[in-house]
Amino acid sequence: GHGQVLDEHGREMHKSSGNVIWFDDAAENMGADVMRWMYCRSKPENELLFGYTRAEMVKRQFLILLWNVYSFFVTYANLDKWKPTGSKAQFSPLDRWILSKLQVLIGDVTRHLENYDAFSATVCFEQFVDELSTWYVRRSRRRFWKSEADEDKNAGYTTLYTCLTTLVKLLTPFVPFIAEEMYQNLVRSINPDAPQSVHHNHWPVVDESLIDEELMADMDLAIKVSGLGRSARSGAGIKLRQPLRGAKVLAEETVLERLGRLKGLIEDELNVKRLDLTTKREELMDYEVHLLPQKLGKKHGPLFPKLRDLVVGMDAKVLASAFQKGQGVNIGVENRVITLLPEEVEVRTKPKRGYTLAEDQGILVGVDTAITEELKKEGLARDIVRRIQNQRKDAGFNIADQIETYYVAGPRLSEVFEAYGEYIAAETLSTRLYKAEPPKEAYVKKFKLEGETLMIGAIPVR
């Protein structure tokens, strides 16, 4: 969240800009908690690297990430006036996954502390908060952006609230001041009958009924495949904002069965219209068969060039299949039959035309890089949305402010506004889009996009 966030009592919680967080007076002991975390995350047998640079790195790697998740929840929960009711929510697979991970975290941290192993406990915390931030919250953002209150949004709030309130109790021995600040706002501000301090609460206990090993394994695979897909996109120089026609995943059948249960999640993460799952390598790879002259040249003399030309004209996939099985291939050359042996050739593979690939531990992900005109326009619409959203922040608009948006654009960008006007308006909270010069009172910015100048003016709707 950006801008000003208030708790139930009207206190300013924080202000944020980009990745930098300024904590308010209630969190003035942040430095002391950073020190505690540095000590806890260092193995006793190792020398402690100490200093401002190290402290800043530790703060950014974990504490700011945690605070950003917390501020995200506070921002949207306040906007929707959401409060925990205790009623049973209809959890999505994503909700059930992070709640399962939370129970595992409780068990792991408890065990490590009972063994006086604070370092291993911090590793568990950092991994969980990273998954909570970079996967759960990021994949759930649209649920919280919805204007209407529905069961899906309530499940998201309930899940995130459960994770945060449990985290602050587990983190109390490590970062007591931050934990207390979060507890007072998350719990005490809406339930005065709750224990006065986070330190007065019972230690969390694992709820075994919430642990779903199969779902966690499925999601781990989905996260891994998404990472490979992003790497493939990056290798082709295609931004994640640009929609693509599709992607393919090559893996063993058991892996594909797991991925099939979370296809929609991976499609959204990779921003592709379709995800195909296959066990056939030829759907992503082309084969090339090269004869080894150092072996075949001496063996067949003047027939070698003719043999090489014949192999070039044959189906490389069929040849490669035979050689990979250890079989020889008979080829007729000038009334002779020559048997090519696997050790006399080199089978090479290359990405199928139009695909970029990324592979790790038996999983190959290929992204279709062909961008149609329609996909290009959709990508430009997303670029326009990003610029207007950044413009809203620069102008100091509140996160829930509706605006009127004026634009002056070249012919290509004007086509994008006409085709994707509803999407642009919905994503930027624009009540209307005007193709006109912005009024004097508008907050105006100019951009360069696809070789055209784009001028945007935004006015809050009062």
Side-chain angles (χ1 to χ4, degrees), residues 91-105 107-108 124 127-128 130-132 134-136 138-140 159 206-236 240 244-287 316-318 320-327 342 347-352 354-369:
F91 295 120
S92 70
L94 196 62
D95 298 329
R96 292 188 287 105
W97 166 74
I98 198 65
L99 290 173
S100 179
K101 287 276 187 175
L102 180 67
Q103 301 309 309
V104 173
L105 176 72
D108 288 344
C124 295
Q127 181 178 349
F128 178 81
D130 180 69
E131 290 177 326
L132 181 66
T134 61
W135 190 251
Y136 180 77
R138 196 160 54 82
R139 294 281 10 114
S140 298
T159 300
V206 176
D207 184 345
E208 297 285 349
S209 68
L210 294 179
I211 297 179
D212 189 332
E213 297 287 355
E214 186 175 29
L215 177 58
M216 289 192 294
D218 290 350
M219 197 67 74
D220 286 344
L221 274 175
I223 292 172
K224 179 177 181 178
V225 165
S226 296
L228 289 172
R230 290 193 301 270
S231 295
R233 290 185 64 118
S234 178
L240 200 55
L244 295 175
R245 286 190 303 196
K248 291 184 179 183
V249 180
L250 169 70
E252 294 179 355
E253 192 63 48
T254 53
V255 172
L256 298 183
E257 287 177 9
R258 289 190 175 280
L259 293 174
R261 295 191 278 266
L262 296 169
K263 275 182 66 176
L265 205 62
I266 302 170
E267 287 171 343
D268 287 344
E269 174 65 17
L270 295 184
N271 195 13
V272 296
K273 302 298 182 182
R274 175 174 172 170
L275 181 72
D276 292 320
L277 309 176
T278 182
T279 58
K280 299 177 181 178
R281 199 169 185 85
E282 59 268 22
E283 290 191 24
L284 284 172
M285 306 290 292
D286 283 330
Y287 292 91
K317 174 187 165 185
V318 174
S321 177
F323 293 135
Q324 288 171 345
K325 293 175 182 176
Q327 300 172 354
V347 177
R348 302 175 188 171
T349 57
K350 63 179 181 179
K352 213 164 192 63
Y355 280 87
T356 57
L357 309 179
E359 186 172 14
D360 183 46
Q361 295 179 342
I363 299 176
L364 178 66
V365 179
V367 173
D368 185 345
T369 59

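We count residues from 1, following the sequence as given. Atoms considered below: every heavy atom in the structure, side chains included; atoms not considered: hydrogens, waters and symmetry mates.
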Between OG1 of Thr254 and CG of Leu221, what distance do you get to the nearest 0.5 Å? 9.0 Å
Kindly compute the distance separating NZ (Lys352) from CD (Glu283), expressed to the nearest 0.5 Å. 8.5 Å
Shortest non-hydrogen separation from Leu256 to Val249 and the atoms involved: CD2-O, 3.8 Å
When you measure from the side chain of Thr349 to the backbone N and O of Asp286, does any donor-acceptor pair fall under 3.5 Å? no
Do you know which two heavy atoms are closest between Val365 and Gly229, and how far apart they sit? CG1-CA, 3.8 Å
CG-OG1 distance between Asp95 and Thr159, expressed to the nearest 0.5 angstrom: 3.5 Å
Can you name the closest pair of heavy atoms from Arg233 and Thr356 and give their distance? N-OG1, 4.4 Å
Test salt bridge (Lys or Arg N to Asp or Glu O under 4.0 Å) applied to Asp218 - qualifying residues, sequence neighbours left out: Arg258, Arg261
Under a 4.5 Å cut-off applied to non-hydrogen side-chain atoms, are Tyr355 and Lys248 in contact? yes
Grab the two heavy atoms, one from Glu131 and one from Trp97, that are nearest each other, plus how far apart they are. CB-CH2, 3.9 Å
Apply side-chain contact (heavy atoms from CB on, under 4.5 Å) to the pair Leu210 and Ser100, showing each step before the final yes or no. CA-CA 5 Å; Leu210 294 179; Ser100 179; 5.8 Å; no
What's the shortest heavy-atom distance between Pro93 and Leu262, and which atoms? CB-CD2, 4.4 Å
Just so I know, are the side chains of Val206 and Ile211 near enough to count as touching, which here means a heavy-atom distance under 4.5 Å? yes
Ignoring hydrogens and angles, tell me if any N or O in the side chain of Asp130 forms a donor-acceptor pair with the backbone of Gln127 under 3.5 Å. no
How many angstroms lie between atom CG of Leu94 and atom CG of Leu215, to the nearest 0.5 angstrom? 9.0 Å
Determine yes or no for a side-chain-to-main-chain donor-acceptor pair under 3.5 angstrom, with Ser226 supplying the side chain and Ala222 the backbone. yes
For the CG atom of Leu357 and the CG atom of Leu228, what is their distance to the nearest 0.5 Å? 10.5 Å
Note: Trp135 and Met219 closest approach over all heavy atoms is NE1-SD, 3.4 Å
Determine the sole option in Arg230, Lys224, Lys263 for which the salt bridge (Lys or Arg N to Asp or Glu O under 4.0 Å) test with Glu269 is passed. Arg230
Keeping the roles fixed (side chain from Thr279, backbone from Glu253), state whether a donor-acceptor pair exists under 3.5 Å. no
From Glu282 atom CD to Leu250 atom CG, the distance as rounded to the nearest 0.5 Å: 9.0 Å
Those residues at least two apart in sequence (or on a different chain) that pass salt bridge (Lys or Arg N to Asp or Glu O under 4.0 Å) with Asp268 are none
Any side-chain to backbone donor/acceptor pair from Ser231 onto Gly227? Under 3.5 Å, distance only. yes
